[in-house]
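Worksheet: one structure, shown below.
None of the values given here were measured: they were computed from a predicted structure. Numbering of ligands and ligand atoms starts at 1, following listing order.
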Amino acid sequence: MKIVRTTAQLQKAKKELSGSIGFVPTMGALHHGHLSLIRQAKEENDHLIVSIFVNPTQFLEGEDLDAYPRREEADIRICELAGANILFMPTIDQMYEKDELCIGAPAIRGYILEGQKRPGHFDGMLQVVMKLLNLSGATRAYFGKKDAQQLALITQMTKNYFMDVQIVACEIVRDEKGLALSSRNVYLSESEKERALCLSRSLKRATKMVMSGELDSDTIMKEMRSVLQEADEVEYIAIVDRAFKALKKVELGNTIILVAAQVGKPRLIDNIWI
Ligand code: AMP
């Protein structure tokens, strides 16, 4: 595995690869959620590139940029064991210059839910993903459904900008109790981890209701709120279609149910695709 830290090195290393390239961009502190993307990318392509970059432009003022978990040595080992050909770990200077041209998230899909809570977050995310996709020369790039809105926006960006890359949506990986894995879960104490299970529990309850024929969004969201009482603060519950338009009634095969809540220090997000 080649570890490259400059964009020039990446472009040189990439030229030596012939065949398809699977690419997995991450912010590091790798867990089994990342690993499932990495494994899928490895399986479906001739070559695998992973990037680790804690992207400053997607963090808002006062968010956890400096405290974001960093575990470089362990991450390198994981990527090596997973069979990555290239691990790209750039510095901020490599990725950005002053007064850049920026991409903006679209008003509707980009500034609701996560985008409303974290205005500007998706602009920064799209900016770095555009750079990383161009640099990697990926045939296919892998993203988790865990960040459903991010996934929808990246898919839209590649379509709107005619980018020659296939975006692959990967299933959410959970721990044995149902908690969606996240690098930020390290902030949770044991008791907070227990309370954090109310997010996945609320989604399971919603799924059960749908299975038994209840399709009314308000009724489902009301029930979810009652399951979410163990959270310190519920930021949003939403039932949307795959294009993130709010749904009055669940549409089977076209619905995402999302929840965001604060438990202890971190804000947690989770969702289910129905
Ligand atoms: P991050 O390092 O948080 O930026 O995540 C990098 C990629 O891993 C994103 O595409 C995430 O959606 C994905 N990811 C993070 N957690 C999970 C999970 N529990 N299951 C599946 N994918 C995940």
Just let me know how Val24 lines up against ligand 1, side chain, backbone, both or neither, with a heavy-atom cut-off below 4.0 Å.
neither
Does only the side chain of Met27 get under 4.0 Å from ligand 1, or the backbone, or both, or neither? Count heavy atoms.
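Contact part for Met27 vs ligand 1: both backbone and side chain.
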Within a reach of under 6.0 Å around CG of Leu81, are more than 12 heavy atoms found that belong to other residues, nucleotides or ligands?
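For Leu81, atom CG is crowded (more than 12 foreign heavy atoms under 6.0 Å).
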Whether over 12 other heavy atoms sit under 6.0 Å from Arg77 CZ
no
Does some side-chain heavy atom of [Y] sit less than 4.5 Å from a side-chain heavy atom of [X]?
| X | Y | answer |
| --- | --- | --- |
| Thr255 | Val240 | no |
| Leu252 | Ile274 | yes |
| Leu35 | Ile78 | yes |

Mark yes or no for whether Ser20, through its side chain, and Asp46, through its backbone, hold a donor-acceptor pair below 3.5 Å.
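Between the backbone of Asp46 and the side chain of Ser20 there is a qualifying donor-acceptor contact (under 3.5 Å).
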Could you list which atoms of ligand 1 come closer than 4.0 Å to a heavy atom of [X]?
| X | result |
| --- | --- |
| Thr26 | 2 (O), 6 (C) |
| His31 | 15 (C), 16 (N), 17 (C) |
| Phe143 | 10 (O) |
| Glu171 | 20 (N), 21 (C) |
| Leu181 | 16 (N), 17 (C), 18 (C), 19 (N) |
| Leu37 | 7 (C), 8 (O), 10 (O), 13 (C), 22 (N) |
| Ile172 | 20 (N), 21 (C) |

Identify the protein heavy atom lying closest to atom 10 (O) of ligand 1, giving its residue, its atom name and the separation to 0.1 Å.
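Scanning the protein heavy atoms, the shortest distance from atom 10 (O) of ligand 1 goes to Gly144 N, 2.9 Å.
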min-distance protein heavy atom vs atom 11 (C) of ligand 1 -> Asp147 OD2, 3.1 Å
If we ignore angles and hydrogens, is there a donor and acceptor under 3.5 Å between the side chains of [X] and [Y]?
| X | Y | answer |
| --- | --- | --- |
| Glu114 | Gln150 | no |
| Asn55 | Thr57 | yes |
| Tyr236 | Gln116 | no |

Between Phe53 and Phe88, does the ring centroid distance fall short of 6.0 Å?
no
Please state whether Arg174 comes within less than 4.0 angstrom of ligand 1, counting heavy atoms only.
no
Quick one: does Pro25 get within less than 4.0 Å of ligand 1, heavy atoms only?
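The answer is yes, since Pro25 has a heavy atom less than 4.0 Å from ligand 1.
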Can you figure out which of Gln150, His34, Met125, Lys146 has its heavy atom closest to atom 9 (C) of ligand 1?
Gln150
Regarding atom 20 (N) of ligand 1: of the candidates Ile52, Val173, Leu35, which has the closest heavy atom?
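When every heavy atom of Ile52, Val173, Leu35 is considered, Val173 comes closest to atom 20 (N) of ligand 1.
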